[in-house]
Asker: 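First the structure, then my questions, so here it is.
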Amino acid sequence: VRTRRLLLNGFGHVGQAFANLIVNRRKAIETRYGVDLELTAIANSSSVWQSATASMPIDVILRTIRSGGSFAGCPGVHPAAGGRWAIENVEADVLIEATPTDLSTGEPGAAHIRAALARGLHAVTAAKGPLVFHLRELRTLASERGLQLRIGAATAAALPTIDLAESCLAGTDISRIKGVLNGTSNFILTELAAGQSYDQALRRAQQRGIAEADPTLDVNGHDTAAKLVLIAAWIWDADLRLRDVPTVGIVGVAPSQISAAAKAGSKVKLIGTAWRDPSGVHASVGPETLSIMDPLAHVEGADKGVTFTTDTMGELTVIGGKSDPTGAAAALLRDVLRITGDRA
Ligand SMILES: NC(=O)c1ccc[n+]([C@@H]2O[C@H](COP(=O)([O-])OP(=O)(O)OC[C@H]3O[C@@H](n4cnc5c(N)ncnc54)[C@H](OP(=O)(O)O)[C@@H]3O)[C@@H](O)[C@H]2O)c1
């Protein structure tokens, strides 16, 4: 059995869900994959926990936080200058980056991933910001050092997109990627179609923990655009920028548009499309009325979906993938297992 020491950066919804998965599945993963995933350190913006010096194990910390305690207040959690400090001081094999996504700077994740790769750690990330700005640089840095950077948790997480393209569609020529890539906006559109108002639908999404406290990036289409840019960059090595993607969100979708679509047997969905033609790679995001013959018309609630158009395998659609912190954490775990090279 090989041990892989994991450094978890970011201990919010996704980071805690990831720690919880490791606590609950460590033994089963060791048996099935022959690898012992050891959480060796956890950092948020101002505190760090290290297994080597901890007086409180991580399952107890998770329980303490669930019952209202703070991470910083747990015994053995020390004040530290955030994730950067942990990357520079803790011995680990893989960085798990679960810090906030900032689509205007890419930080703090970009600096974290760069520093981790420079120190010889593999990296997996749920944060899209660093990748939207620096994917090519970080990918090159990783490959120059014989390390891996995996981004499945940032490219629709539990819905397989780049993983599907890389493995199941290997050897095909993908000409188009079309997706419902944001669970929150799809949930809101589904509720609108059921007669709820926009505000009611958004409130319900927040109550169910689907939407963030600040759902701006979800409803204005920028989260969809970011995922699309990353999927296109990964699959086609495209140098597509967010500013190159005309993006319209769901805020302006009128109830009359939804009811007109319903009368015609159609559905309004927030669609991101990227396509490749001889002039290059292009992408756009916006609400579209889909015929019921389109598989993506059947993506309901907080589910997501993606259709790949290929030359030799035809069109393939995947629908589903849990849009919540556990789904994102499961995608991080999938990426860690891919890095450690273990198969079922
Ligand atoms: N939520 C989802 O379902 C989902 C799905 C897919 C991808 N994602 C992505 O996953 C990431 C995390 O999402 P989340 O919902 O878990 O966010 P969150 O609840 O806001 O948690 C973010 C965590 O990052 C920490 N952090 C901030 N700056 C840091 C720094 N410099 N060093 C170390 N830690 C730092 C925060 O610590 P403090 O509390 O100390 O500020 C907090 O613990 C985001 O990039 C998001 O886009 C989320």
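This structure is a prediction, so every number in the text was calculated from the model and none was measured. Keep in mind that the numbers below use all heavy atoms, side chains included, and drop hydrogens, waters and symmetry copies. Note that ligands are numbered from 1 as they come in the structure, with each ligand's atoms numbered from 1 the same way.
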Asker: With a 4.5 Å heavy-atom cut-off, do Thr64 and Val60 have their side chains touching?
Answerer: yes

Asker: Tell me which residues fall inside the under-4.0 Å heavy-atom shell around ligand 1.
Answerer: Asn9, Gly10, Phe11, Gly12, His13, Val14, Ala43, Asn44, Ser45, Gly82, Gly83, Ala98, Thr99, Pro100, Thr101, Pro108, His112, Ala126, Ala127, Lys128, Ala153, Glu212, Asp324, Pro325, Ala328

Asker: Any side-chain donor paired with an acceptor under 3.5 Å for Ser197 and Asp199?
Answerer: no

Asker: Would you mind reporting whether Thr3 and Asp93 have side-chain heavy atoms less than 4.5 Å apart?
Answerer: no

Asker: Write out all pairs satisfying salt bridge (Lys or Arg N to Asp or Glu O under 4.0 Å) with one or both partners inside residues 302-315, taking only residues at least two apart or from two chains.
Answerer: Arg176-Glu315

Asker: Would you check if Gln16 and Phe71 make a side-chain contact, meaning some heavy-atom pair closer than 4.5 Å?
Answerer: no

Asker: Would you find more than 12 non-hydrogen atoms of other residues, nucleotides or ligands less than 6.0 Å from Arg25 atom CZ?
Answerer: no

